[in-house]
Amino acid sequence: MNKDKDNVQPGKEPDGDELITLSGMYKEYFLDYASYVILERAVPDIDDGLKPVQRRILHAMKEMDDGRFHKVANIIGQTMQYHPHGDASIGDALVNMGQKDLLIDCQGNWGDVRTGDSAAAPRYIEARLTKFALEVLFNPQTTDWQLTYDGRKKEPITLPVKFPLVLSQGVEGIAVGLSTKILPHNFIELIKASIKILEGKKPVIYPDFQTGGMIDINDYQDGHRGGRVKIRAKIQQYDKSTLNIIELPFGVTTNTLIDSILKANDKGQIKIKKVHDNTAKDVEIQLELMPGVSPDVTIDALYAFTDCEVAYSPNACVIVDNKPMFLSVPEILQISTFQTRDLLKRELEIKKDELEEKWHHASLEKIFIENRIYRDIEECESWEEVIKTIDIGLKKFVATPSYPLKAGEKKLVMMRDITDDDIARLTEIKIKRISKYNTFKADEMMANLLAELEQVKYDLEHLTEFAIAYFTRLLEKYSKGRERRTIISSFDTIEIKEVVANNAKLYVDRKEGFIGMGMKKDEFVCDCSDIADIIAFTRDGKFKVVRISDKVFVGKDIIHTAVWLKSDDRTTYNLMYLDGQSGKSYAKRFNVTAITRDKEYDLTQGSKGSKLVYFTSNPNGESEIVNIQLSQGSTAKKKVFDFDFADLAIKGRTSQGNVVTKYPVRKISQISVGKSSLGAMQIYMDEVSGKLNQDERGKYLGAFDTGSRLLSIFKDGSYEINELDLNKKYDVNNILEIGNYSEDTIINAIYFEGEKGFTMVKRFKIETSTFDQKFIFISESPGSKLYFASMDKAPVVKYSYKVGATKEEKEVSLSDFIDVKGWKAMGNRLIEAKLLKVEKIKQDALEGSDDVDAEDDMERSEDNTENEKESNQNDLPIQPEKKVSKSIDSDQKTSKLKPGDTIEFDF
């Protein structure tokens, strides 16, 4: 055995070379590969906002630029001199930049970001740099260069971009161990934000997308990691059965959106009859709804279950000093803005040096020619003697930093010393130029150079103002057609269980204690969704909430089951139960707002033999009066008496309740249903979204109790009465008046009758009894138009109209002008012309005014006062909701019941 080999140290070859272990090889190679992908492929540089392939494409196009279009195949070939990764990646990156419509002018079929269609082959399409790109991206004098991958050519390390390009275009890239996602922002807003930064202000900017749509930026967090934005398509309701999607969310194409809609429809989450893709110049995806499906609920369901709403988590990672860094959007914008100012400073300094050089040479030339110094060199025999002679001749007329001006001398002060190169340049002047030298033109040119030089020096001293002027000039030249397309909004949280289509049916087997959507032979309860939570109460005083399935056991002797909604604080349960230990009967009222799914809850005191003797479910917290009959064998003096649930407070489900009687109960019967114990709901309508709410958001509509209804008057001259539904969304753009409806409500209307050409006034009460249906109350002749509508008792209006070239104004009290007539009556003629404007100037018991521009169909806008709220509440009639009473013998185990029915027990 060789002793030398035995003495070799671990990790060393016999000749002393270090061994590389497999783990070490992976470590080194992986880091090298990761660094390469991060720096050279996926992540943009903060200096110009470009990935290497994008930078090389733009540099190649600049080298080729002659103002004409070039074949994309040719551009790809030129770029391959700088980019070592093949034509496919270059072509994809070029098309991607071209579709953003900022740096590249495109000619031919470049595809469509809206539909997802790809571009034609590179040999069929052409491109060139835009004027904006030529002005903002390039300046060889301020560019740092490096050799290409093969050492044959030079390429820019980064381009001297004087614009926040990475924020304008946006970027997405996946590297090794990290990724970047910067959303695109609006061109105009970026420039204005840069100006604000230079002014010392803090701008706020949000993403903007080519495809339009809407964006919720409440959690944007300035583009930091951890932020999140929600982006929605813009959906319009065409009619009661048709929806049109006219703008797409960012990153979603018409094809992927339609696929997601069809999948949701197949799952039963939405109910769509047909989908038509009518996209051409503008996006239009038309959705035909199934009969009876609410367009408003369908819109919310589209946002909840399809790509009509998508979420993005920004992750702004850029290369700073050859290292990846995670920054916020304002930080990136600030760096870009100050870098632009620095680049402008460098350009001004270069321009200053060039102007000084031009003035320096022009001055020497003027002295050389006007003082005929060229004659002094005629006798010189060597080059050195020529240089020396000219130098001596020039110093007679100029002063330099090395030879300053002395007292009493009149010489031209130069900006720098005279060099041999300057003198050599003078010797190269041709005799023809000397003979035609124009002193006047030379002086004028030098004066212009000095004036331009002074302006440059001024701009350098006021660099920030110069940068602001630069951005302002960009805004004026290139902002046309680049206005914001994406609407900034705040999205309401969509409760999936509230908008999911009822794609299942709930059945119950009361005796055996099963509920489910697959029990089609058992009792039908209601329609529901396949993700609904179901609450079930059993006769032994227990209840449970379970997720619906084909068949699930909840407990025998089910007395009530329904769909349960979390945080529902209005559905109130009234019950009486018999305590098995004491024999007393207790009454209680409670809500079920939060539970643990599949957990059984006991509503009694838990004693053996306890059971429910009376139960009702009340969707609006209604109270009720019941008649209680005690057993004939009891010792009670009063064996029949009434009990009012309104005397009980609504408490938690675990409360014991109040003692009703200590004697045995034979029968309990419902006598009447009272008002809601929770009080009337104060309802508002959001004047932006059109959704009803109780959060005091928007226009106050009034106090709504059990049986209250909502009356809407539309601009097309129709009205509609609806049951109060907080999930319904109203089209505020088409509503002229909306409020609480009662049988005494009078509609006051002024409209134009198209056939006769008269402006008519009518007042009427609602005579139709059908709800959720529109009824037109003005003439249906072509040209007819509703000017004004009010539900006030005696409105007084001021109206204007034209008589020839004269504008006339008058006032009229509608209650004095015409009596209340039938809803189909034409009304009384006001004038034989169209109105220009209608203004309400007086309301009964109210203050305020509304303007209605009849010609422009201006929307009315009013803020109701507290007096109006009180008036609405006082005028409200109470219309109790009808309930079904059923008696159940103590021996009867099952009965067909519906949600909201009353359960009565006989003993």
Side-chain angles (χ1 to χ4, degrees), residues 24-63 76 78-94 96-97 100 103 137-140 142-184 223-225 313-329 331-336 338-340 342-343:
M25 184 183 299
Y26 274 125
K27 179 180 179 182
E28 297 296 329
Y29 290 1
F30 178 80
L31 287 176
D32 290 343
Y33 174 70
S35 299
Y36 172 75
V37 174
I38 292 170
L39 298 176
E40 296 294 330
R41 300 293 296 272
V43 183
D45 197 295
I46 187 66
D47 290 339
D48 57 7
L50 298 169
K51 296 179 182 181
V53 65
Q54 296 172 326
R55 186 180 305 116
R56 289 161 180 161
I57 289 170
L58 294 171
H59 173 63
M61 293 183 71
K62 174 62 176 172
E63 293 291 307
I76 293 173
Q78 292 292 326
T79 307
M80 289 181 69
Q81 298 178 89
Y82 310 102
H83 193 66
H85 297 294
D87 60 330
S89 61
I90 298 173
D92 292 342
L94 180 55
N96 182 268
M97 285 196 294
K100 292 177 179 176
L103 303 179
L137 300 187
F138 304 102
N139 188 339
T142 57
T143 302
D144 296 325
W145 303 86
Q146 65 183 4
L147 291 175
T148 57
Y149 68 96
D150 59 3
R152 288 187 173 93
K153 287 182 174 291
K154 288 185 178 181
E155 63 173 341
I157 298 175
T158 58
L159 291 175
V161 177
K162 301 185 289 295
F163 178 76
L165 189 61
V166 69
L167 296 180
S168 177
Q169 292 196 126
V171 68
E172 184 173 354
I174 301 175
V176 180
L178 61 81
S179 64
T180 183
K181 185 188 292 289
I182 301 174
L183 299 177
H224 268 300
R225 280 192 298 177
S313 297
N315 186 29
C317 180
V318 290
I319 302 300
V320 180
D321 295 331
N322 284 326
K323 295 178 183 178
M325 289 187 66
F326 294 93
L327 305 175
S328 68
V329 167
E331 288 172 338
I332 294 175
L333 180 62
Q334 185 171 7
I335 291 172
S336 173
F338 289 137
Q339 178 180 282
T340 297
D342 293 340
L343 286 171

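A quick note: this is a predicted structure, and the numbers were derived from the prediction, not measured. This chain uses plain numbering: 1 for the first residue, then up along the sequence.
- No side-chain heavy atom of Thr143 sits less than 4.5 Å from a side-chain heavy atom of Phe138.
- Interatomic distance, CD of Gln334 versus OG of Ser328, reported as 9.0 Å (0.5 Å rounding).
- Side-chain atoms of Gln169 do not come within 3.5 Å of backbone N or O of Val166 as any donor-acceptor pair.
- Here the CG-OG1 distance, from Leu165 to Thr340, works out to 10.5 Å after rounding to the nearest 0.5 Å.
- Of all heavy-atom pairs spanning Gly170 and Lys100, the tightest one is O-NZ, 3.4 Å.
- Counting only heavy atoms from C-beta outward, the side chains of Thr158 and Asp144 never approach each other to under 4.5 Å.
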For Ile46 and Ile319, what are the C-alpha separation, side-chain angles and deciding distance, and is it a side-chain contact (heavy atoms from CB on, under 4.5 Å)? CA-CA 6 Å; Ile46 187 66; Ile319 302 300; over 6 Å; no
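- Considering all non-hydrogen atoms of both residues, Cys317 and Val43 come closest at O-CG1, 3.4 Å.
- For NZ of Lys154, the number of neighbouring non-hydrogen atoms (other residues, nucleotides, ligands) closer than 6.0 Å is 12 at most.
- From Ser168, atom OG reaches atom CZ of Phe163 across 4.0 Å, with rounding to the nearest 0.5 Å.
- At least one side-chain heavy atom of Tyr82 sits less than 4.5 Å from a side-chain heavy atom of Glu63.
- For Thr180 against Pro44, the heavy-atom pair with the smallest separation is CG2-CD, 4.1 Å.
- In Ile157, the CD1 atom is crowded: over 12 heavy atoms of neighbouring residues, nucleotides or ligands sit closer than 6.0 Å.
- Residues Met61 and Leu94 meet the side-chain proximity criterion, which asks for heavy atoms closer than 4.5 Å.
- Between Asn315 and Ser179, the shortest heavy-atom distance links the atoms ND2-O, 2.7 Å.
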side-chain contact (heavy atoms from CB on, under 4.5 Å) for His85 and Val53? Distances and angles first, verdict last. CA-CA 9 Å; His85 297 294; Val53 65; over 6 Å; no
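- Counting heavy-atom neighbours within 6.0 Å of Asp150 CG, excluding the residue itself, gives a total above 12.
- When side chains are defined from C-beta on, Ile182 counts as touching Val318, because their heavy atoms get closer than 4.5 Å.
- The side-chain heavy atoms of Ile38 and Leu178, taken from C-beta on, include a pair separated by under 4.5 Å.
- Although no hydrogens or angles enter the test, the distance criterion places no donor-acceptor pair under 3.5 Å between the side chain of Asp47 and the main chain of Pro160.
- Rounded to the nearest 0.5 Å, atoms CD (Glu155) and OG1 (Thr148) are 6.0 Å apart.
- Qualifying side-chain hydrogen bond (donor to acceptor under 3.5 Å, both in side chains) partners for His83, counting only residues two or more places apart in sequence or in other chains: Arg56.
- Listed here is the closest heavy atom pair of Ala60 and Thr79: CB-OG1, 3.5 Å.
- Residues Pro164 and Ile332 form no side-chain contact, since every pair of their non-hydrogen atoms from C-beta on lies 4.5 Å or further apart.
- When each of Gln339, Lys162, Arg55 is paired with Asp48, the side-chain hydrogen bond (donor to acceptor under 3.5 Å, both in side chains) condition holds for Arg55 and for no other.
- For the pair His59 and Pro156, the minimum side-chain heavy-atom distance is below 4.5 Å.
- Of all heavy-atom pairs spanning Ala93 and Ile57, the tightest one is CB-CD1, 3.8 Å.
- A donor-acceptor pair is defined here as one N or O able to donate and one able to accept, closer than 3.5 Å; such a pair exists between the side chain of Gln54 and the backbone of Lys51.
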